[in-house]
Amino acid sequence: MPYFNVSVPLKLKILTYHFNKDIDLTGFAVQVPLKNRVVDGIVIKKLDKKPDEVPQTKEIHSIIGEAYNKKFIEFLKWMSFYYISEIGSVVRSTFFEEVIHLIKGKNYKRTSKKQSLSEENTALPQLESCFLNNETLSKIIDTKREGQYKTFLIHCPNFFYEMKLMLEVVTTISSSDGTILLVLPEIKDAQKLFNFLKGCNIQAVLLHSEMKRAELLSSIKEIIEDKVKVIVGTRFAVFAPVKKLSLIMLAQESSWLYKAEETPRYHARDCAVMRGFIECCPVVLTDFMPSTTSYYNALRGKYELIDDFNQLKHPDIKILRQPYQTIFHPEVLLYLKLYHKEGILVTSPRSGYSLIRCSECREVIKCEQCGYSMVFHKSSGLLECFRCNRVIKMYEQCPYCMGVDIHPVGVGVERIIDELKQIFSKKQTEINEIDLNSEKVHGICVGQAGKIKTGYHSRFKGAIILDFDFFISIPDYRTLENAFARVLSISQLVKENGSLFIQTRNPTADIFKFIRSYNFKDFYLYELKHLKETDFPPFSRIVKLMVKLKKTGLKETLDKLKEFLKTHITGEVIGPLKHTNTDEFVFILRSKDKRKLTEDLTTALGKLINFKEIAIKVEVDPVSLKI
DNA sequence: GAATCCGGTGAG
DNA sequence: TCACCGGATTCC
């Protein structure tokens with residue numbers, strides 16, 4: 001009698017069932033008994049005999065129909081292996097529920113032809129006129145024609161270029177065989193590209209997490225009926241149940257938005273590459289600041305690098321020493337006075353007015369709960385902690401030494417605006433906090449550097465990044481690439497003949513050598529050398545374990561757990577570290593032998609079932625080591 | 001995800 | 001003594 005490994009969309013491993021007909025049901029949705037109810041599941045594999053470890057099997061209740069093809073099942077199995085996650089959780093993060101619903105033929109409310117989604121931002125005016133390297137375009141199209149797996153990493157001059165490339169590829173080949181998948185990190189960008197494609201009469205569907213159920217069902221219906229040529233979506237679109245994929249394009253490949261927040265904590269870029277590999281179709285990753293990891297993959301020949309960064313001219317970058325007494329460097333001040341009419345962007349790493357320091361004990365006021373520096377808001381007289389969201393009234397005296405001279409240090413958006421208003425009179429120029437939705441650029445705009453996204457606002461004459469040191473002082477192994485990316489996202493808002501000023505207390509730091517001249521190649525080599533010396537990814541794999549102690553659990557179980565991990569894992573075991581906001585504990589595992597770490601941890605977690613007093617969540621390739 | 005198991009609690 | 005509970009466990 002044939003047996004079948006079935007996965008149900010629950011946090012549950014494979015279950016084995018028998019069925020009286022000897023047909024291969026792999027990829028079929030089935031109804032199976034579970035405890036004393038009947039649930040929907042998906043057949044992962046056909047077995048010829050019952051596995052020994054399974055005591056007894058129940059019978060498959062009924063067959064719903066074919067849900068996924070074999071390649072997609074392979075993809076799900078890889079996800080489960082790589083992210084050390086129950087296959088059921090993987091199935092749950094796909095569009096399984098929707099697919100089942102549709103093959104069962106249930107009725108669903110049709111969305112009216114008019115999209116309920118806002119269309120105000122439909123226009124991507126610069127896109128049509130945007131320059132594109134035709135060589136790059138034909139390379140992608142030729143590879144797509146060959147129908148083989150291959151990954152390109154395209155270093156684009158800006159985000160528009162990435163969008164333009166998607167658009168051109170789609171308009172050139174959308175009429176050919178197979179479906180093209182376009183993935184973007186942000187919903188609003190996916191929405192815009194989708195609207196734009198619709199405007200060009202290209203048959204496309206949208207997939208993002210804020211769509212209503214009926215809209216999502218309608219998109220999935222078109223996909224499983226093989227009626228669409230193009231899918232535009234955010235990270236979970238990599239699970240689109242497409243019959244035949246012909247090309248995957250993923251923009252902003254370095255974006256941390258591609259990392260899923262729930263288990264399995266997959267990374268959409270890595271999934272896209274694996275999906276392309278399994279489906280035998282090319283994958284195109286683009287970014288204006290590719291991740292060091294992807295660059296490394298290009299260097300070792302895993303991806304083909306196409307460097308289009310210098311296809312467009314970029315603004316000059318000037319590194320200036322942050323003065324001690326004033327906020328602006330004299331050169332910046334002069335620039336502001338000369339060009340404020342043409343629009344200048346001033347950014348600071350933090351909102352609010354400033355931090356507060358006591359001149360007697362030299363302490364910066366920190367949050368009592370989490371130790372994070374608190375931000376002072378002058379207008380409201382409050383101190384705010386951005387990590388744990390605590391708000392308190394501004395102190396009258398230093399809380400540490402009772403000193404009376406506590407004063408602002410560092411610059412926030414509020415303080416910059418204050419300062420600028422003192423320099424310029426109201427008539428001279430307009431000074432505003434940047435409005436991300438507004439297209440108009442004039443006067444001086446002030447914004448928090450971290451919140452300024454690569455947007456659609458037109459271009460500034462110049463931009464100034466204040467207190468850049470904040471970005472390079474974050475203790476993380478990816479700090480420098482993130483800091484460089486920050487500079488680039490701001491430089492994109494500046495006209496090509498404009499200027500970008502960076503104020504720092506340490507202008508001789510290595511990173512500025514690369515930033516100043518947009519020298520990516522040497523930057524990546526510098527970073528990779530450092531990462532190799534310190535055994536960080538891509539030269540090792542890191543796995544974060546989030547451990548929750550159950551009621552019965554004692555602190556000493558953590559020590560026992562650490563011992564257990566140390567004996568079962570070849571590699572480093574760091575922890576336990578107390579998580580600041582939750583009652584969880586964190587272990588960091590790291591090994592140069594990537595595959596072995598995954599395998600070791602898989603077996604270790606299997607044995608940990610005997611550890612009753614803990615619950616563990618696994619995060620493979622965490623985006624940051626921040627606890 | 002939900003039925004069931006299990007150990008602790010408290011009213012009678 | 002047993003009904004009741006909440007958390008842990010298990011599902012093939």
Side-chain angles (χ1 to χ4, degrees), chain A residues 1-64 67-68 73 76-77 79-81 83-101 104 106 209 213 236 239 260-265 545-558 560-561 564 582-585 602 604-618:
Chain A
M1 194 191 297
Y3 291 84
F4 297 93
N5 279 345
V6 176
S7 171
V8 293
L10 299 173
K11 192 180 171 292
L12 234 170
K13 61 175 200 299
I14 285 282
L15 304 173
T16 308
Y17 291 86
H18 62 262
F19 194 60
N20 49 17
K21 281 199 193 102
D22 195 5
I23 39 167
D24 188 1
L25 289 174
T26 306
F28 275 70
V30 289
Q31 293 196 302
V32 288
L34 183 74
K35 284 268 174 82
N36 51 357
R37 60 206 164 110
V38 175
V39 295
D40 298 336
I42 175 104
V43 177
I44 300 295
K45 198 181 177 185
K46 178 178 184 278
L47 308 166
D48 292 321
K49 60 178 182 55
K50 188 170 74 73
D52 295 338
E53 68 276 12
V54 182
Q56 62 201 31
T57 58
K58 289 184 183 174
E59 189 177 15
I60 290 175
H61 189 270
S62 64
I63 297 168
I64 302 169
Y68 292 146
I73 300 290
L76 298 182
K77 276 155 76 178
M79 287 247 334
S80 167
F81 165 78
Y83 292 105
I84 314 177
S85 174
E86 315 287 3
I87 186 116
S89 306
V90 176
V91 171
R92 198 165 46 162
S93 58
T94 69
F95 299 97
F96 188 66
E97 201 192 311
E98 287 79 10
V99 172
I100 291 266
H101 184 96
K104 278 183 182 167
K106 282 186 194 158
S209 56
R213 188 176 155 76
F236 74 163
F239 300 115
E261 281 145 44
E262 353 46 58
T263 30
R265 299 206 59 181
L545 297 184
M546 305 287 285
V547 181
K548 202 177 221 162
L549 287 175
K550 292 180 190 171
K551 252 199 174 161
T552 47
L554 291 159
K555 293 257 175 179
E556 51 207 68
T557 40
L558 285 171
K560 262 164 71 190
L561 176 61
F564 180 85
T582 65
D583 51 355
E584 288 169 316
F585 290 88
T602 306
L605 289 174
K607 287 184 191 166
L608 269 177
I609 295 166
N610 309 322
F611 262 71
K612 301 281 184 197
E613 52 279 316
I614 48 166
I616 301 184
K617 272 191 281 181
V618 182

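Chain letters run A, B, ... following the sequence lines, proteins first, then strands; residues in each count from 1.
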Distance, rounded to the nearest Å, where [X] contributes [atom1] and [N] contributes [atom2]:
X         : N       : atom1 : atom2 : value
Lys35(A)  : dT4(B)  : NZ    : C1'   : 6 Å
Lys548(A) : dA8(C)  : NZ    : C1'   : 14 Å
Leu549(A) : dG7(C)  : CG    : P     : 16 Å
Lys49(A)  : dC12(C) : NZ    : P     : 21 Å
Arg37(A)  : dA2(B)  : CZ    : P     : 7 Å
Lys550(A) : dG6(C)  : NZ    : C1'   : 14 Å
Leu34(A)  : dT9(C)  : CG    : C1'   : 13 Å
Leu47(A)  : dC12(C) : CG    : C1'   : 11 Å

Without swapping roles, check the side chain of [X] against the backbone of [Y] for a donor-acceptor pair under 3.5 Å.
X         : Y         : value
Arg92(A)  : Leu10(A)  : no
Lys560(A) : Phe564(A) : no
Lys548(A) : Lys617(A) : no

Checklist line | Residue whose nearest DNA chain B nucleotide is more 5′ - Arg92(A) or Asn36(A) | finding: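 Here Arg92(A) is the residue nearer the 5' end.
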Checklist line | Side-chain ion pair, Asp48(A) and Lys46(A), N-O less than 4.0 Å | finding: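 Salt bridge flag = yes for Lys46(A) with Asp48(A).
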Margin query: Is it the case that the side chains of Thr94(A) and Tyr68(A) hold a donor-acceptor pair, with the cut-off being a distance below 3.5 Å and no angle test?
Written below: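 Tyr68(A) vs Thr94(A): donor-acceptor pair found between side chains.
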Check: Taking atom types as modelled, is there a side-chain donor on Gln31(A) or Ser62(A) under 3.5 Å from an acceptor on the other?
Finding: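 Side chains of Gln31(A) and Ser62(A): pair found under 3.5 Å.
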Note to self: Under 4.0 Å, heavy atom to any atom of DNA chain C: which of residues 4-21 of chain A qualify?
What the structure shows: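 When residues 4-21 of chain A is checked for heavy atoms under 4.0 Å from DNA chain C, the hits, listed by number, are Leu12(A), Lys13(A), Leu15(A), Thr16(A), Tyr17(A).
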Note to self: Under 4.0 Å, heavy atoms only, any strand: does Lys58(A) hit a base, just the sugar-phosphate, or nothing?
What the structure shows: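 Answer is sugar-phosphate: Lys58(A) comes under 4.0 Å of backbone atoms only.
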